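Numbers for residues simply follow the sequence, beginning at 1. Since the structure is predicted, the reported quantities are computational estimates derived from the model, not experimental observations. Computed from heavy atoms alone, side chains included, the values below leave out hydrogens, waters and symmetry copies.
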Amino acid sequence: MDWQQKAAALDALAEIEIKIRKPGDWYVSQRVEIKNDCFLEGAYGNGDTPMAAIEDHWNRLVTDIECRPLYLVARAGHPNRRAVRWNGFMWQDVPEPERATAGDKRASRDTPSSPEETEVSQAKPPHTPVED
């Protein structure tokens, strides 16, 4: 694939922006991160030309992770979040492990996790208001 085809493939996943810091210093900005265990790692291509920046961005997001159990997450903080890997000719969706939500954490915190906690919580006397 040439750099323009790679740019089109990247843009199909999430909009890319090719920006210039100063003459001869280009970079690619995109809402795509690399999922590594429980972390999302940003990866942005840099180069002397727009072409070099796209090639570097592609290498960081596709070539460098293809032999590792990593995948990409596009638009992570949005309802249309998407987890993918490049399969050689298109973006292929990959399953993500279930994520705990704030409600799940609250529910698990209120539920005793051991028999000892259950005994202690049941042994507490009920609260009685103090009269003045």
Side-chain angles (χ1 to χ4, degrees):
M1 292 174 65
D2 67 19
W3 75 276
Q4 292 171 323
Q5 292 169 322
K6 290 175 183 177
L10 290 165
D11 197 56
L13 179 59
E15 183 181 5
I16 62 169
E17 296 177 14
I18 305 169
K19 299 182 177 187
I20 186 171
R21 291 185 188 98
K22 61 182 181 183
D25 190 6
W26 293 82
Y27 70 99
V28 176
S29 177
Q30 186 178 30
R31 296 190 75 132
V32 174
E33 288 86 25
I34 299 169
K35 180 73 171 190
N36 188 354
D37 291 324
C38 60
F39 299 102
L40 291 174
E41 300 174 355
Y44 305 96
N46 298 288
D48 297 341
T49 64
M51 177 181 76
I54 290 289
E55 289 288 348
D56 185 51
H57 193 62
W58 181 267
N59 288 336
R60 290 171 187 253
L61 295 180
V62 177
T63 308
D64 292 351
I65 71 164
E66 64 188 0
C67 296
R68 298 167 46 201
L70 306 175
Y71 57 89
L72 304 179
V73 175
R75 299 173 304 276
H78 293 71
N80 57 347
R81 174 185 176 115
R82 187 174 176 203
V84 298
R85 285 184 64 92
W86 182 253
N87 70 7
F89 65 96
M90 64 182 276
W91 298 111
Q92 181 176 357
D93 291 321
V94 296
E96 283 195 276
E98 288 294 320
R99 297 181 310 231
T101 63
D104 294 339
K105 291 177 185 175
R106 187 172 34 258
S108 66
R109 195 176 37 218
D110 294 340
T111 306
S113 60
S114 69
E116 293 82 18
E117 286 183 34
T118 304
E119 291 171 13
V120 169
S121 65
Q122 291 174 353
K124 290 182 184 176
H127 176 70
T128 55
V130 177
E131 294 181 22
D132 290 333

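- Trp86 is not connected to Leu40 by any chain of hydrophobic side-chain contacts under 4.5 Å among Ile, Leu, Val, Met, Phe, Trp and Tyr, and they are in different clusters.
- A donor-acceptor contact shorter than 3.5 Å links the side chain of Trp91 to the backbone of Ala9.
- Within the model, atoms CG of Asp56 and OH of Tyr27 stand 14.0 Å from one another, a figure rounded to the nearest 0.5 Å.
- Under a 3.5 Å cut-off, the side chain of Asn87 and the backbone N or O of Arg85 do not form any donor-acceptor pair.
- With Asn59 contributing its side chain and Glu55 its backbone, the two residues share a donor-acceptor pair below 3.5 Å.
- Pairing each heavy atom of Lys19 with each of Ser29, the nearest pair is CE-CB, 4.4 Å.
- Criterion: ILVMFWY side-chain heavy atoms under 4.5 Å apart, direct or through other members. Under it, Trp58 and Tyr71 are not part of a common hydrophobic cluster.
- Only one option out of Val73, Leu72, Asp93 pairs with Arg82 in a side chain to side chain contact (heavy atoms under 4.5 Å, CB included); it is Asp93.
- Hydrophobic clustering (side-chain heavy atoms under 4.5 Å, transitive across Ile, Leu, Val, Met, Phe, Trp, Tyr) keeps Tyr44 apart from Leu10.
- Here CD1 of Ile54 is found 4.0 Å from CD1 of Ile18. Values are rounded to the nearest 0.5 Å.
- When all heavy atoms of Ala43 and Ile34 are compared, the pair lying nearest together is CB-CD1, 3.9 Å.
- Residues Gln30 and Ala14 come closest through the heavy atom pair NE2-O, 2.7 Å.
- Nearest heavy-atom pair across Lys22 and Ile20 is O-CG1, 3.1 Å.
- Between the side chain of Arg75 and the main chain of Leu13, a donor-acceptor pair closer than 3.5 Å is present.
- The CZ atom of Phe89 lies 14.5 Å from the CD atom of Gln5; values are rounded to the nearest 0.5 Å.
- Taking the charged nitrogens against the carboxylate oxygens, Glu15 and Arg31 have no contact shorter than 4.0 Å, which rules out a salt bridge.
- Val94 and Val62 are assigned to two separate hydrophobic clusters, defined by single-linkage of ILVMFWY side chains at heavy-atom distances under 4.5 Å.
- Checking Arg68 against Asn36 by side-chain atom types alone, no donor-acceptor pair falls below 3.5 Å.
- Side chains of Asn46 and Arg60 form a contact here, defined as non-hydrogen atoms less than 4.5 Å apart.
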